[in-house]
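Accompanying notes for the structure given below.
In what follows, every heavy atom counts, from backbone to side chain, and hydrogens, waters and symmetry copies are set aside.
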Amino acid sequence: MIPGESDLTTLLASLDPVLHDGVYVFVTAGETPPGVTPVLTFTEPEGLTLVVPEGQAEGVFPCRWITLRVYSSLAAVGMLAAVAAALAAEGIPSNVVSAYFHDHLFVPPDRAGDTLRVLGQLANVQAR
């Protein structure tokens, strides 16, 4: 059995987002450059994608990083679709990354507060 919560109502009611300090950027490289401490790495056929603190490397899409602290199952269905739909309805672009324990959102810095508001509303609707 895959660990973590899989009930959609419970997942959405328990999102518990946290906004990390700082601004991050997306970078592509052949390998991790010296002195760069990525919070995310992903290998694609076109190259290595890194998300790093702004100022460590030239990158694109300056963003804030929000972790959904709900311990979601890797096999859960619908949580990220609901989150993405709620953010899209507010015109908030997001890049979503699922890791083993949690899901992570990268959103424009000027929309981080709006994102937290939308996530709170989504959780409150489910908690009723």
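- The same ILVMFWY cluster, assembled from side-chain heavy atoms under 4.5 Å apart, contains both I92 and M79.
- When all heavy atoms of P62 and V25 are compared, the pair lying nearest together is CA-CG1, 4.0 Å.
- The neighbour count for E46 CD, taken as heavy atoms of other residues, nucleotides or ligands under 6.0 Å away, is above 12.
- Between F106 and F61 the shortest heavy-atom distance is O-CE2, 3.6 Å.
- Pairs of residues two or more places apart, or lying in two chains, that qualify as side chain to side chain donor-acceptor pair (under 3.5 Å) and include a residue from residues 68-83 are D16-R69, S72-D103.
- In this structure, CD on E31 lies 11.5 Å from OG1 on T43, to the nearest 0.5 angstrom.
- The cluster map of Ile, Leu, Val, Met, Phe, Trp and Tyr, joined by side-chain heavy atoms under 4.5 Å apart, puts Y100 and V97 in different clusters.
- Closest heavy-atom contact between P38 and T41: CG-CG2, 3.6 Å.
- One N or O on the side chain of T28 and one on the backbone of L48 form a donor-acceptor pair closer than 3.5 Å.
- The structure places CG of N124 at 11.5 Å from CG of L12, a figure rounded to the nearest 0.5 Å.
- When the options V83, L68, V70 are evaluated for a side-chain contact (heavy atoms from CB on, under 4.5 Å) with L11, the one that passes is V70.
- Atom-to-atom distance recorded for L40:CG and H104:NE2 is 9.0 Å, nearest 0.5 angstrom.
- The local environment of CG in D21 is sparse, with at most 12 non-hydrogen atoms from other residues, nucleotides or ligands closer than 6.0 Å.
- Taking both residues in full, the closest heavy atoms of V52 and A57 are given as CG2-CB, 4.2 Å, listed atom of the first, atom of the second, then distance.
- Between the side chain of Q56 and the backbone N or O of T37 there is at least one donor-acceptor pair closer than 3.5 Å.
- Put simply, the side chain of L87 reaches to within 4.5 Å of the side chain of T115, judged on heavy atoms.
- The main-chain N or O of G91 is found under 3.5 Å from a side-chain atom of R111 such that the two form a donor-acceptor pair.
- Sorted by first and then second residue, the side chain to side chain donor-acceptor pair (under 3.5 Å) pairs with a member in residues 79-89 form an empty list; sequence neighbours excluded.
- Considering only heavy atoms from C-beta on, V27 stays 4.5 Å or farther from V36 through its side chain.
- Of all heavy-atom pairs between L19 and A112, the closest is CD1-CB, 4.1 Å.
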**OP:** Report the C-alpha distance between L105 and L119 in whole Å, list the side-chain angles of each, state the deciding distance to 0.1 Å, and finish with yes or no for side chain to side chain contact (heavy atoms under 4.5 Å, CB included).
**Re:** CA-CA 11 Å; L105 310 174; L119 295 172; 3.9 Å; yes

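- Rounding to the nearest 0.5 angstrom, the gap separating the CG atom in L50 from the CZ atom in F26 is 10.5 Å.
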**OP:** Start with the C-alpha distance between I66 and H20, add both sets of side-chain angles, then the distance that settles side chain to side chain contact (heavy atoms under 4.5 Å, CB included), and finish with yes or no.
**Re:** CA-CA 6 Å; I66 298 171; H20 296 267; 5.9 Å; no

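- Here the side chains of C63 and V107 are not in contact, with every heavy-atom distance at 4.5 Å or above.
- Looking at every heavy atom in both residues, P109 comes nearest to V23 through CG-CG1, 4.3 Å.
- Summarising the geometry, atom CG belonging to L116 is positioned 11.0 Å from atom CG belonging to L15; distances are rounded to the nearest 0.5 Å.
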